[in-house]
Enquirer: 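Submitted below is the structure of interest, expressed as structure tokens.
Heavy-atom basis, side chains included; hydrogens, waters and symmetry copies ignored.
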Amino acid sequence: MSQTVLVTGATGFIAQHVVNELLKNGYTVIGTARSETKSQPLIKLFKEKYPNGNLSFVIVEDISTESAFDDVLINNKSITNVIHTASPFSYGIDKSLEDAYLNPAVNGTLNILNAIYKYAPQVKNVIITSSFAALKQYGNEYTTHIHTNESWNPINWENDVKTENDGYSASKTYAEKAARNFMIQQDPKPNFKLTTVNPPYVFGPQCFDDYVSNKLNTSNEVLNNITKIDPSNNEPQVVFGALAIDVRDVAKFHVLPLSNENLQSERIFLTSGPVTAQNVLNIMNESCDPLKGKIAIGDPSKTNEIIEKNCPKYDLSNLKSIVGDYEFINLEKSIVDVFDQYYKVNSV
């Protein structure tokens with residue numbers, strides 16, 4: 001019998017790839033969406049791709065409402081696994097940082113866990129989309145600390161949150177800590193195991209061309225902004241120093257814990273490697289034909305120096321001990337696939 005997986009926020013960028021991975025592997029999927037307007041196009045697209053796939057949607061308008069997920073779990077006793085991807089991430093929201101980021105992230109996470117605990121004792125696995133933001137260090141530690149799955153962001157909401165980026169980082173940290181504290185504090189203990197997936201910048205194509213517009217989604221728009229650097233600029237380009245991962249790998253590691261017991265209860269930190277404006281420009285100039293001759297070159301000879309100075313250090317030994325030498329999709333393929341899809345939909 002096929003296992004049934006509830007995917008919250010199933011219309012999102014990462015979540016669509018998660019649903020795709022689940023359907024590809026024969027799971028029955030129930031997704032949540034904020035409206036039928038958001039869910040119906042996806043049902044149609046996935047039905048065309050997987051004619052025998054089993055996908056349905058339920059509407060959850062506001063995940064921060066205390067009983068948001070209760071009816072979903074009460075009315076769908078076939079659900080045996082939950083993948084919680086729903087969380088706010090959209091800069092420019094006209095709300096306080098607390099209302100825009102912290103409350104929805106923490107309350108949404110606790111609401112789904114409480115609903116499972118109360119109404120779905122048959123659920124065995126819960127996978128939550130967290131973030132590298134919940135691991136990363138600040139100041140000099142950002143580039144000197146060796147980040148692992150045991151690292152925790154030391155951010156304090158009252159003292160450290162000044163910007164939207166701070167609000168996002170804190171919300172992911174506080175939400176993940178709330179989830180892990182939930183598992184410790186319940187009596188009796190929950191029947192399910194809790195796993196988190198902690199990706200850094202997530203790049204890669206949309207699951208469907210239909211979701212490509214003139215503006216890329218939040219993470220991929222970072223790449224688009226790099227194309228706007230003055231083409232005559234031949235100085236080394238930093239802009240930011242970070243880590244990257246492809247959305248298709250992120251999706252796989254949301255699904256793998258359902259079949260790999262060694263990944264269950266883990267904190268899955270993923271990255272394919274460092275990313276700065278300079279190595280993005282290198283890839284674009286070498287491999288993205290529509291952009292060649294139209295964008296900055298920067299100074300490719302300084303790439304390694306820029307990465308060493310500006311990007312976080314990391315160690316994936318814990319993950320490798322579980323899954324072996326998993327081959328992540330590299331940054332070049334992520335970027336090339338983003339722009340191939342973009343220019344297929346939009347004229348050059």
Enquirer: Ile295 and Leu281: side chain to side chain contact (heavy atoms under 4.5 Å, CB included), yes or no, with the steps?
Expert: CA-CA 8 Å; Ile295 60 173; Leu281 286 173; 4.1 Å; yes

Enquirer: With no hydrogens and no angle check, is any side-chain donor or acceptor of Gln137 less than 3.5 Å from a backbone partner on Leu135?
Expert: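 Yes.
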
Enquirer: Throw together a table of side-chain donor-acceptor distances under 3.5 angstrom for residues 115-123, partners on residues two or more places apart or in other chains.
Expert:
from	atom 1	to	atom 2	distance (Å)
Tyr117	OH	Pro188	O	2.5
Gln122	NE2	Lys77	O	3.3
Gln122	NE2	Ile79	O	2.9

Enquirer: Going by atom types only, do Asp246 and Ser334 share a side-chain donor-acceptor pair under 3.5 Å?
Expert: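 Yes, a side-chain donor-acceptor pair sits under 3.5 Å.
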
Enquirer: In terms of side-chain geometry, is the basic nitrogen of Lys344 or Asp209 positioned less than 4.0 Å from the acidic oxygen of its partner?
Expert: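 Yes, charged N to carboxylate O under 4.0 Å.
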
Enquirer: On the 0 to 90° scale, with breaks at 30° and 60°, tag the Phe203-Tyr201 ring pair as parallel, tilted or perpendicular.
Expert: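 Plane angle under 30°, so parallel.
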
Enquirer: Does the plane of the ring in Tyr211 sit parallel, tilted or perpendicular to the ring in Phe208? Use 30° and 60° as the thresholds.
Expert: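 Tyr211 vs Phe208 ring planes: tilted.
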
Enquirer: Can you find a side-chain donor-acceptor pair between Asn103 and Ser64 that sits under 3.5 Å?
Expert: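 Distance-only check fails for Asn103 and Ser64.
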
Enquirer: Does a side chain donor of either Asp166 or Ser169 reach within less than 3.5 Å of an acceptor in the other side chain?
Expert: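 No pair is found: no donor N or O on one side chain lies under 3.5 Å from an acceptor on the other.
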
Enquirer: Assess the side chains of Gln278 and Asn282: does a donor N or O sit below 3.5 Å from an acceptor N or O?
Expert: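 There is such a pair (donor and acceptor under 3.5 Å, judged by atom type) between the side chains of Gln278 and Asn282.
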
Enquirer: Can Ser232 and Asp230 be counted as having a side-chain donor-acceptor contact under 3.5 angstrom?
Expert: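 The answer is yes; a qualifying pair exists.
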
Enquirer: Salt bridge or not between Asp299 and Lys302? Use side-chain N to carboxylate O under 4.0 Å.
Expert: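 Not counted as a salt bridge, because no side-chain N and carboxylate O are separated by less than 4.0 Å.
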
Enquirer: With side-chain contact (heavy atoms from CB on, under 4.5 Å) as the test, pick out the partner of Phe253 among Ile245, Ile127, Ile268.
Expert: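 Exactly one pass, corresponding to Ile268.
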
Enquirer: In terms of relative ring orientation, are Phe132 and Phe269 parallel, tilted or perpendicular, with 30° and 60° separating the classes?
Expert: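 Judged by the thresholds at 30° and 60°, the geometry between Phe132 and Phe269 is parallel.
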
Enquirer: Flag the pair Arg180 and Glu176 as a salt bridge only when some basic side-chain nitrogen lies within less than 4.0 angstrom of an acidic carboxylate oxygen.
Expert: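 Between Glu176 and Arg180 there is a salt bridge, with a charged N closer than 4.0 Å to a carboxylate O.
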
Enquirer: Should Glu48 and Lys44 count as an ion pair when the cut-off is N to O under 4.0 Å?
Expert: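 Salt bridge flag = yes for Lys44 with Glu48.
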
Enquirer: Under 4.0 Å between a side-chain nitrogen and a carboxylate oxygen: does that hold for Lys333 and Asp337?
Expert: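 A salt bridge links Lys333 with Asp337.
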
Enquirer: Can you check side-chain hydrogen bond (donor to acceptor under 3.5 Å, both in side chains) on Asn20 and Lys49, steps first, answer last?
Expert: CA-CA 9 Å; Asn20 183 72; Lys49 188 171 185 178; 2.9 Å; yes

Enquirer: Can you confirm whether Leu194 sits close enough to Phe182 that some side-chain heavy atom of one is under 4.5 Å from a side-chain heavy atom of the other?
Expert: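 Side-chain contact under 4.5 Å: no.
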
